[in-house]
Peer 1: 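Just passing along the structure, written as structure tokens.
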Amino acid sequence: MAKKYDTTDAADVERKLASKCSRTLLALPIAALGLLAWQTTAMAAAPVAAAASQTAESAGQATQQEAGKKEAQQPQGLPVEPVKAAETESAKTPFTPAAAEPTAKKAEPRKNIEVQLEYLEGRFFKKRNVDLYNVHVYRQYKELGALSLHYGLTFERTTGSTTEDDIWRDAEAVGFGPSYMMRWTKHISGKLDGSIDGAGSLLVYNHAHPGNGRAYGFLWRIGPRLTYHYTDRDALSLAYLFHHSSNGMGSHNPGYNGVGFSLGFTHWY
């Protein structure tokens, strides 16, 4: 006996299979389109991410290079604060010419002005009795060890007379002229110095001096002097001097000699 099949059921199965196949075929293109869109988006975003990563790496390298330069410029092993402290101390240190010029020239010795008041009494000639009242002003211009050199002026007032050839002649006159002095000095003790003075003056008189002489003459003086420095800039001195006066001519040259005292005042500046 032949088997019978239900054709209705077979038709339903075929329809169901056909429906599944159509849905499957429809889903594949949709999935393919989705996959294609995802790949396109990924490929577009990849260059942007790579560029951003490269920019970040470049910025990091630049930062590291700047940090390296700063470290190279800063002295190794020396912190910043001690350097600032040293600079502050050096700024506070006052400027001194000796430090700036270690080879500065040696300071020149101080100069001075000396005034001498002098009385010289005529001696050694019986017929030439002439006394002198002198004022000398000197300025020291050079010092050679213990020897000092001075130049200045002499003002002289003479009194007395001569009796040459048993003729009385007046010896009063006024003289003025340049003077030069050399002094050798030795320190004694404390504020006291001793010296030997030698000086010469060329004088022009208001008339012939002494009588039967000329209107000019020379005054020579020499003797010891004691000087007391009562301050750093001032000193008083006392000298005992021998003097000789003459005009140096073979004729009309009635020279005369004398001795006396000289009181001096010196100021250094």
Side-chain angles (χ1 to χ4, degrees), residues 94-124 130-158 175-205 216-248 253 255-269:
F95 173 79
T96 56
E101 297 180 2
T103 59
K105 294 183 179 179
K106 184 179 179 180
E108 295 182 357
R110 295 184 301 172
K111 299 177 182 179
N112 62 45
I113 293 180
E114 181 174 348
V115 179
Q116 299 175 0
L117 305 178
E118 191 172 80
Y119 169 69
L120 300 174
E121 182 184 7
R123 297 280 183 90
F124 312 112
V130 182
D131 296 338
L132 304 180
Y133 298 86
N134 299 329
V135 177
H136 308 279
V137 180
Y138 290 107
R139 179 181 180 274
Q140 177 180 323
Y141 73 94
K142 198 166 188 179
E143 188 172 0
L144 303 172
L147 181 66
S148 59
L149 306 178
H150 311 250
Y151 64 84
L153 297 172
T154 295
F155 175 82
E156 182 175 272
R157 174 73 169 91
T158 69
F176 180 80
S179 183
Y180 191 85
M181 180 176 70
M182 301 175 64
R183 172 177 290 164
W184 181 85
T185 304
K186 181 176 177 59
H187 180 67
I188 297 176
S189 64
K191 298 182 178 181
L192 190 63
D193 291 340
S195 64
I196 300 294
D197 294 359
S201 302
L202 172 61
L203 302 173
V204 177
Y205 299 100
Y216 69 91
F218 297 93
L219 171 65
W220 306 100
R221 300 174 298 128
I222 189 170
R225 182 181 296 270
L226 290 176
T227 302
Y228 176 74
H229 300 266
Y230 62 93
T231 69
D232 293 338
R233 292 180 174 269
D234 303 296
L236 290 175
S237 63
L238 181 64
Y240 183 77
L241 302 174
F242 168 83
H243 92 87
H244 171 72
S245 296
S246 68
N247 60 26
N253 184 27
Y256 54 93
N257 300 328
V259 294
F261 294 92
S262 173
L263 176 65
F265 169 76
T266 307
H267 175 73
W268 280 264
Y269 60 94

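Heads up: numbering here begins at 1 and tracks the sequence.
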Peer 1: Do N112 and Q140 come within less than 4.5 Å of each other through their side chains, counting heavy atoms only?
Peer 2: yes

Peer 1: Mind running side chain to side chain contact (heavy atoms under 4.5 Å, CB included) on V259 and L241 for me, showing each step along the way?
Peer 2: CA-CA 6 Å; V259 294; L241 302 174; over 6 Å; no

Peer 1: Parallel, tilted or perpendicular: which fits the ring planes of F218 and Y216, with parallel below 30° and perpendicular above 60°?
Peer 2: perpendicular

Peer 1: Evaluate L132 against S245 for side chain to side chain contact (heavy atoms under 4.5 Å, CB included), listing each step before the verdict.
Peer 2: CA-CA 10 Å; L132 304 180; S245 296; 4.0 Å; yes

Peer 1: Strictly by modelled atom types, are R139 and Y151 linked by a side-chain donor-acceptor pair under 3.5 Å?
Peer 2: yes

Peer 1: Do H136 and H150 touch side chain to side chain, with heavy atoms closer than 4.5 Å?
Peer 2: no

Peer 1: Given side chains that start at C-beta, do those of D197 and R221 come closer than 4.5 Å, heavy atoms only?
Peer 2: no

Peer 1: Could you walk me through whether W268 and H229 pass the side chain to side chain contact (heavy atoms under 4.5 Å, CB included) test, one step at a time?
Peer 2: CA-CA 11 Å; W268 280 264; H229 300 266; 3.3 Å; yes

Peer 1: Give me the one residue out of L219, N247, T158 that meets side chain to side chain contact (heavy atoms under 4.5 Å, CB included) with L203.
Peer 2: L219

Peer 1: With side chain to side chain donor-acceptor pair (under 3.5 Å) as the test, would you mind laying out the steps for S179 and S201 before giving the verdict?
Peer 2: CA-CA 4 Å; S179 183; S201 302; 2.8 Å; yes

Peer 1: Check whether any side-chain heavy atom of Y119 lies under 4.5 Å from a side-chain heavy atom of L263, and answer yes or no.
Peer 2: no

Peer 1: In Å, rounded to the nearest 0.5 Å, how long is the span from CD of Q116 to OG1 of T154?
Peer 2: 8.5 Å

Peer 1: Under the criterion side chain to side chain contact (heavy atoms under 4.5 Å, CB included), I'd like the reasoning laid out for V137 against F155: C-alpha separation, chi angles, the key distance, then a yes or no.
Peer 2: CA-CA 9 Å; V137 180; F155 175 82; over 6 Å; no

Peer 1: Would you call the rings of Y240 and F261 parallel, tilted or perpendicular if under 30° counts as parallel and over 60° as perpendicular?
Peer 2: perpendicular

Peer 1: Just so I know, are the side chains of V135 and L117 near enough to count as touching, which here means a heavy-atom distance under 4.5 Å?
Peer 2: yes

Peer 1: Which atom pair, heavy atoms only, marks the closest approach of S195 to T185?
Peer 2: CB-OG1, 3.7 Å

